[in-house]
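See below for the structure under consideration.
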2 protein chains.
Amino acid sequence: MELSERKLRILQAIIGDFISSAEPVGSRTLSKNHDMGLSPATIRNEMSDLEDMGYLTHPHASAGRVPSDKAYRLYVDEMMKTHDIPEELKQRISEELGTDAAPDEVAKKAAEILSDMTNMISFAITPSGRESKLLYVNVLPVADRTVVIMIVTDDGKINNTAVRLTTDYTPENLELMSKVMTHNLKGKTVNDILTMNMVQTLETDLRSLASLPQTVIPSFMQTLEKMLDSNLYMEGYSKVFSLPEYSETDKAKEILSLVEKKDHLTNVLVNRDDGLVITIGDENSDDMKDMALITADYRVNGKLVGKLGVLGPKRMRYGEISSVIKYLTDNINRSFEITGDEDDADKEATGAPEETEFEL
Amino acid sequence: MELSERKLRILQAIIGDFISSAEPVGSRTLSKNHDMGLSPATIRNEMSDLEDMGYLTHPHASAGRVPSDKAYRLYVDEMMKTHDIPEELKQRISEELGTDAAPDEVAKKAAEILSDMTNMISFAITPSGRESKLLYVNVLPVADRTVVIMIVTDDGKINNTAVRLTTDYTPENLELMSKVMTHNLKGKTVNDILTMNMVQTLETDLRSLASLPQTVIPSFMQTLEKMLDSNLYMEGYSKVFSLPEYSETDKAKEILSLVEKKDHLTNVLVNRDDGLVITIGDENSDDMKDMALITADYRVNGKLVGKLGVLGPKRMRYGEISSVIKYLTDNINRSFEITGDEDDADKEATGAPEETEFEL
DNA sequence: TATTAGCACTCTGTCTGTTTGAGTGCTAAT
DNA sequence: ATTAGCACTCAAACAGACAGAGTGCTAATA
């Protein structure tokens with residue numbers, strides 16, 4: 001059998017109705033609401049065909065029809081329209097994301113806005129530092145026997161850890177240490193430094209600094225490890241209660257427990273393809289088989305990838321939500337692309353970079 | 001009427017039973033379960049008295065009795081026992097909180113442990129930086145026209161923000177700037193700096209650095225403002241579903257929406273008295289009238305106050321939960337008290353502190 | 001006089017049967 | 001090819017019956 005023009009129109013109407021009502025849609029109501037010049041009986045016949053073709057299902061004998069995963073997929077691929085973003089939302093986005101804040105702040109804000117707009121659970125993960133390149137390392141004095149290791153990477157993140165030493169330091173020690181570490185590690189990715197055993201080399205180079213490296217290097221490595229993690233920000237989890245599919249406590253519990261496993265969720269998001277990705281029902285992993293997930297990536301400095309997403313029932317306003325996500329990520333990308341003039345003058349300062357490609 | 005020894009015993013039994021079953025407890029079951037040598041009829045009479053005295057209520061004519069807020073209060077004040085912490089929990093706490101991590105990490109971990117142990121929603125707020133004293137300020141070169149302002153305070157927090165400048169800097173500029181700012185602001189609290197208009201003075205002192213301060217000072221103030229905020233970490237919100245009082249969706253929604261208003265919750269916690277505080281039912285603000293909240297503060301460097309708390313139904317295992325919270329906060333306090341030797345040698349390094357009282 | 005047994009009464013929750021409404025599928029008429 | 005009509009199905013809403021757990025009161029008891 002073939003998907004005639006008319007079948008398509010009927011299918012689209014059913015999907016549309018079901019998305020907004022969450023009730024199985026019957027032939028009679030459909031013919032009333034959409035006045036497509038067909039009697040309920042005709043529509044019934046078409047519906048029956050559509051069911052045979054796998055686009056519709058029947059919760060039970062005397063209920064209306066519900067779109068199948070296949071139908072949603074068709075809808076998303078062929079029938080979905082992009083929506084314009086209301087002016088006030090644009091305004092809000094530019095206000096709250098406009099300033100060049102830290103990646104973490106941006107992710108959090110974006111998740112908030114997304115949840116407000118879509119009335120669903122939304123989240124954002126910040127980029128993993130895995131592929132970010134070291135710009136420079138600085139070991140700074142803070143107090144007696146306490147120093148701070150500061151690591152700056154090319155994605156605009158600044159990471160620091162305080163380290164308590166077992167021996168005294170001299171400012172010259174630290175300065176030298178900063179220089180040696182920066183010189184050896186500059187341009188390498190965090191991942192590289194952690195996997196290739198760079199520590200060996202470093203420790204050799206720093207042997208002259210007596211016992212200092214013994215306490216500083218491990219902390220340095222720990223800080224790097226922390227930079228591998230993505231942070232997950234989530235918003236709007238109490239919104240599920242207003243959706244009929246989660247009116248039963250078990251269902252609500254299901255989605256909320258899922259979403260509380262932050263590590264798992266982060267994993268799912270990290271492993272997703274880039275670009276705007278929509279997965280529906282069966283296309284998801286087992287624990288999301290009756291949900292839909294829409295995500296898009298955003299980039300910091302054109303390379304590191306964070307993700308923004310919305311999770312909810314398959315009955316989703318795919319068009320609107322993807323438009324909003326798209327708009328948001330585009331906006332974030334733009335705000336992180338603002339690049340200053342790059343007149344690589346060679347500054348010589350304590351542990352300062354000799355040449356950089358820093359963009360914020 | 002007076003609370004006889006026997007009435008107390010009966011009341012205690014009722015509260016105990018209700019806490020573990022969540023069902024109104026009747027005279028018959030009580031006499032069975034506790035074998036206190038009294039017939040149901042006698043117990044009924046006593047119950048009736050207890051009801052007259054305001055310790056029990058009656059959901060409806062033929063239901064068992066339920067403790068009133070007044071009863072819980074009595075229980076908490078007079079009958080509650082402290083519990084020993086199981087060895088394995090102690091172990092876990094010392095493992096996960098033992099290392100001297102950053103305050104934020106500690107708060108997060110503590111909330112996790114607390115939620116695991118109590119099976120309730122738990123949270124932790126990190127101390128506001130309001131009262132932390134500036135140790136020193138360092139303005140560091142990162143790239144062309146990009147510097148990082150780094151602020152170190154006496155509570156072990158290190159805060160930094162990247163700033164894009166409109167003009168070029170020289171390392172000497174920055175060094176001088178760091179020194180002037182540190183000299184002027186050292187020992188002052190974040191709050192003081194923000195309220196007393198210190199900026200004026202600073203800008204005058206820094207006039208020699210031409211246009212640099214114009215871009216750096218505002219960012220500096222912004223960073224300080226960020227330090228005023230407490231962070232709220234929350235865990236275990238999907239646990240509410242296993243509690244009978246939240247089996248209805250509205251009830252679950254109620255508590256989860258409450259808990260999603262992070263700002264509000266932070267406020268409630270911040271404004272609470274220090275020490276172990278238990279508030280029950282009516283003692284809470286309007287939106288928590290049928291819940292109980294247990295909190296305790298923890299200190300960083302003996303002064304800054306963070307809070308740890310558990311929120312749930314009034315039917316709470318007050319004894320166990322307070323014991324765990326107590327143990328946790330004691331532990332955190334201890335881990336933040338470890339103070340290194342303080343042999344104030346005067347180190348002269350780039351922007352290094354001239355004298356310090358840094359404790360980690 | 002305090003305690004207890006006994007009994008009538010009350011309320012909730014569950015179970016069952018009935019009705020109603022929305023829907024389908026099929027067939028026969030258009 | 002389309003549609004009207006009709007029998008049939010199922011879920012949800014409703015009402016009545018019943019069991020269970022409880023109370024309160026009264027009268028008997030130690």
Side-chain angles (χ1 to χ4, degrees), chain A residues 1-11 13-15 17-18 21-68 244-245 247-249 251, chain B residues 1-11 13-15 17-18 20-53 55-68 244-245 247-249 251:
Chain A
M1 204 168 342
E2 208 181 315
L3 261 180
S4 66
E5 159 65 14
R6 192 169 74 177
K7 281 194 173 56
L8 267 178
R9 255 181 27 239
I10 291 178
L11 183 56
I14 294 175
I15 297 175
D17 275 20
F18 186 73
S21 76
E23 297 290 330
V25 5
S27 53
R28 168 168 273 263
T29 36
L30 197 70
S31 118
K32 255 187 224 158
N33 293 348
H34 291 264
D35 119 279
M36 34 180 57
L38 294 173
S39 78
T42 313
I43 294 175
R44 265 201 303 276
N45 289 330
E46 295 286 46
M47 279 175 159
S48 179
D49 290 353
L50 284 167
E51 185 163 359
D52 290 344
M53 297 164 78
Y55 290 108
L56 294 178
T57 57
H58 233 180
H60 60 84
S62 76
R65 298 312 211 287
V66 171
S68 67
E245 22 275 286
S247 63
E248 280 149 74
T249 330
K251 292 294 173 188
Chain B
M1 203 168 344
E2 209 180 315
L3 261 180
S4 67
E5 160 65 14
R6 193 169 72 179
K7 281 194 173 57
L8 266 178
R9 254 181 27 238
I10 290 176
L11 183 56
I14 294 174
I15 297 176
D17 276 20
F18 186 73
S20 56
S21 75
E23 297 290 329
V25 6
S27 54
R28 168 168 272 263
T29 38
L30 197 71
S31 118
K32 258 186 221 156
N33 294 347
H34 292 264
D35 121 279
M36 33 180 57
L38 292 174
S39 78
T42 314
I43 292 176
R44 267 202 301 278
N45 289 331
E46 295 287 44
M47 281 175 157
S48 177
D49 289 354
L50 284 166
E51 186 163 358
D52 290 345
M53 297 164 79
Y55 290 107
L56 294 177
T57 57
H58 232 182
H60 61 84
S62 76
R65 298 313 211 286
V66 169
S68 67
E245 22 276 285
S247 62
E248 282 150 73
T249 329
K251 291 295 173 187

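Atom set for the values below is all heavy atoms of this structure, side chains included, hydrogens, waters and symmetry mates excluded. In the text below, chain A, chain B and the rest are named by the order of the sequence lines, each starting its count at 1.
Contact check for A:P244 versus A:K251: no side-chain heavy atoms found under the 4.5 Å cut-off.
The CZ atom of A:R28 sits 16 Å away from the P atom of C:dG25 (whole-angstrom rounding). Between the CD1 atom of B:I43 and the C1' atom of D:dA21 there is a distance of 15 Å, rounded to whole Å. In this structure, A:L56 places its CG atom 13 Å from C1' of C:dT24, rounding to the nearest Å. As rounded to whole Å, 15 Å separates atom P of C:dT4 from atom CE of B:M47. Regarding A:I10, its CD1 atom lies at a distance of 12 Å from the P atom of C:dT24, rounded to whole Å. The CG atom of B:D17 sits 15 Å away from the C1' atom of D:dG22 (whole-angstrom rounding). Between A:H58 atom NE2 and C:dA22 atom P there is a gap of 16 Å when expressed in whole angstrom units.
Of the possible donor and acceptor atoms, one in the side chain of A:T249 sits under 3.5 Å from a partner among the backbone N and O of B:S247. Of the possible donor and acceptor atoms, none in the side chain of B:S27 sits under 3.5 Å from a partner among the backbone N and O of B:I43. A donor-acceptor distance shorter than 3.5 angstrom exists from the side chain of A:S21 to the backbone of A:D17, with no hydrogens or angles considered.
Here the straight-line distance linking atom CD1 of B:I14 with atom CZ of B:R9 works out to 12.0 Å at 0.5 Å rounding. Here the straight-line distance linking atom CD1 of B:I10 with atom CG of B:L3 works out to 11.0 Å at 0.5 Å rounding. To the nearest 0.5 angstrom, B:L30 atom CG is 5.0 Å from B:M47 atom CE.
The shortest distance between the side-chain N/O atoms of B:R65 and the OP1/OP2 oxygens of D:dT23 is below 4.0 Å. The phosphate of C:dT24 has neither OP1 nor OP2 within less than 4.0 Å of any side-chain N or O from A:S48.
Nucleotide C:dT27 forms a pair with D:dA4, judged by Watson-Crick or G-U wobble geometry with both contacts under 3.5 Å.
Listed nucleotides D:dT23, D:dG22, C:dT24 differ in distance to A:S27; the shortest reach to its side chain belongs to C:dT24.
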Using a cut-off of 4.0 Å between protein heavy atoms and nucleotide atoms, how would you tag nucleotides 1-19 of chain D 5' to 3' with B, S and -?
-SBBB---BBS--------
